[in-house]
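Each remark here refers to the structure printed beneath this line.
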Protein chains: 2
Amino acid sequence: MVSYHPDLDLIPVEDVLAALGNPVRLFIVRELAASTQPRTCGSLPVSVTKATATHHWRVLRESGVTRERREGRTKVVELRRAELDERFPGLLATILAASPPRASDGPPA
Amino acid sequence: MVSYHPDLDLIPVEDVLAALGNPVRLFIVRELAASTQPRTCGSLPVSVTKATATHHWRVLRESGVTRERREGRTKVVELRRAELDERFPGLLATILAASPPRASDGPPA
DNA sequence: TCGATCGTACGCAATTCTTCGTACAATCAA
DNA sequence: TTGATTGTACGAAGAATTGCGTACGATCGA
């Protein structure tokens with residue numbers, strides 16, 4: 001359960017964008033951002049199985065978006081807010097501020 | 001050569017992030033942002049073949065990032081800057097402002 | 001009209017991503 | 001110690017992405 005956390009200076013912005021460009025992961029990030037406290041992985045109501053969630057947490061961690069640490073049986077996840085904001089000023093805030101789409105989505109058939 | 005341009009109000013932010021989360025496409029967007037004038041597709045020095053470039057232009061167009069129009073033999077591409085900034089305030093600017101990674105990239109082997 | 005140019009469409013291969021089930025390790029509570 | 005909880009590792013399937021070559025349509029200039 002010990003994990004790799006990259007130096008954010010080495011992360012290109014497209015890696016962060018790709019990490020957040022997935023609905024499950026963006027949902028996780030929004031949940032984390034909405035909590036003042038760090039959250040355990042199990043407390044995040046994701047729509048996928050545990051195995052799949054593990055995959056998404058790894059993507060977020062390896063792109064520098066989140067930090068994880070063990071705490072007893074659980075794993076605590078939190079956003080690397082300050083570091084992200086120093087590396088990519090304003091990015092997280094503008095993404096979190098984005099409103100949901102207006103209505104029926106997608107290109108015409 | 002006539003193409004579909006989505007209503008940006010219907011685009012979720014993760015679609016834009018996914019579109020920009022690719023090095024070829026982010027490069028294209030940076031080139032477009034650096035020009036005051038719209039550019040033709042052929043004038044963008046991309047590292048892939050024409051066929052692949054066509055694919056990336058479509059992704060950018062269908063995610064609402066660019067607009068295309070025919071002009072004689074060529075296709076003119078431009079960013080939908082104002083619309084993007086209204087839909088996702090500050091997003092494009094913060095992404096374009098992101099500095100490149102400091103040096104040797106990637107996780108340890 | 002003929003040739004060159006610009007981009008698309010199609011089909012295909014290789015790779016990556018997303019998802020899951022199952023088995024397992026680590027930890028805690030009883 | 002035993003059983004429950006939390007999350008990982010591994011293997012696999014299916015889907016999506018990325019990339020290319022080739023053939024083609026549209027347009028322009030000579």
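Labels below follow one simple rule: chain letters A, B, ... track the order of the sequence lines, proteins then strands, and each chain is numbered from 1. Worth knowing before you read on, the calculation uses all heavy atoms, side chains too, and leaves out hydrogens, waters and symmetry mates.
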With [X], which residues qualify under side-chain contact (heavy atoms from CB on, under 4.5 Å), at least two apart?
X: A:Val29; value: A:Leu20, A:Leu60, A:Val65, A:Leu79, A:Leu92, A:Leu96
X: A:Ala53; value: A:Val46, A:Val48, A:Trp57
X: B:Gln37; value: none

From [X] atom [atom1] to [Y] atom [atom2], the distance as rounded to the nearest 0.5 Å:
X: A:Ser35; Y: A:Leu44; atom1: OG; atom2: CG; value: 7.5 Å
X: A:Leu32; Y: A:Ser43; atom1: CG; atom2: OG; value: 8.0 Å
X: B:His56; Y: B:Leu26; atom1: NE2; atom2: CG; value: 12.0 Å

For [Y], does its backbone N or O pair with a side-chain atom of [X] as donor and acceptor, under 3.5 Å?
X: A:His5; Y: A:Glu68; value: yes
X: B:Asp85; Y: B:Gly90; value: yes
X: B:Arg80; Y: B:Ala82; value: no

Do B:Val16 and B:Ile11 have side-chain heavy atoms sitting under 4.5 Å apart? yes
Examine C:dC17: is either OP1 or OP2 under 4.0 Å from a nitrogen or oxygen in the side chain of A:Asn22? Give yes or no. no
When you measure from the side chain of B:Arg70, which nucleotide among C:dG7, D:dT27, C:dT8 comes out closest? D:dT27
Once you round it to whole Å, what is the distance between [atom2] of [N] and [atom1] of [X]?
X: B:Phe27; N: D:dT18; atom1: CZ; atom2: P; value: 17 Å
X: B:Tyr4; N: C:dT8; atom1: OH; atom2: P; value: 18 Å
X: A:Glu14; N: D:dT17; atom1: CD; atom2: P; value: 18 Å
X: A:Glu62; N: D:dT8; atom1: CD; atom2: C1'; value: 13 Å
X: A:Glu68; N: D:dT8; atom1: CD; atom2: C1'; value: 11 Å

Rounded to 10 degrees, the angle between the two terminal axes of the helix from C:dT1-D:dA30 to C:dA30-D:dT1, each from five pairs: 30°
[X]: which residues meet the salt bridge (charged side-chain N to carboxylate O under 4.0 Å, His left out) condition with it, sequence neighbours left out?
X: B:Arg30; result: none
X: A:Glu31; result: A:Arg39
X: B:Arg87; result: none

Atom pairs, N/O to N/O, protein against nucleotides 11-13 of chain C, distance under 3.5 Å?
none

Just one of A:Arg69, A:Arg67, A:Arg61 clears the salt bridge (charged side-chain N to carboxylate O under 4.0 Å, His left out) bar with A:Glu78, so which one? A:Arg69
Nearest heavy atom decides the nucleotide; on that basis, is A:Ala18 or A:Glu71 closer to the 5' end of DNA chain C? A:Ala18
Exercise: identify the closest heavy-atom pair between A:Phe88 and B:Ala98: CD2-CB, 3.7 Å
Nucleotide N/O to protein N/O under 3.5 Å, stretch nucleotides 1-5 of chain D:
unit_1, atom_1, unit_2, atom_2, d
D:dT5, O4', A:Arg73, NH1, 3.1

With the threshold set at under 4.0 Å for non-hydrogen atoms, list the residues of residues 28-36 of chain A touching DNA chain C in residue-number order. none
Hits for side-chain hydrogen bond (donor to acceptor under 3.5 Å, both in side chains) against B:Asp7, two or more places apart or cross-chain, chain-then-number order -> A:Arg102
Do any of residues 45-60 of chain A sit with a heavy atom less than 4.0 Å from DNA chain D, and if so which? A:Lys50, A:Ala51, A:Thr54, A:Trp57, A:Arg58
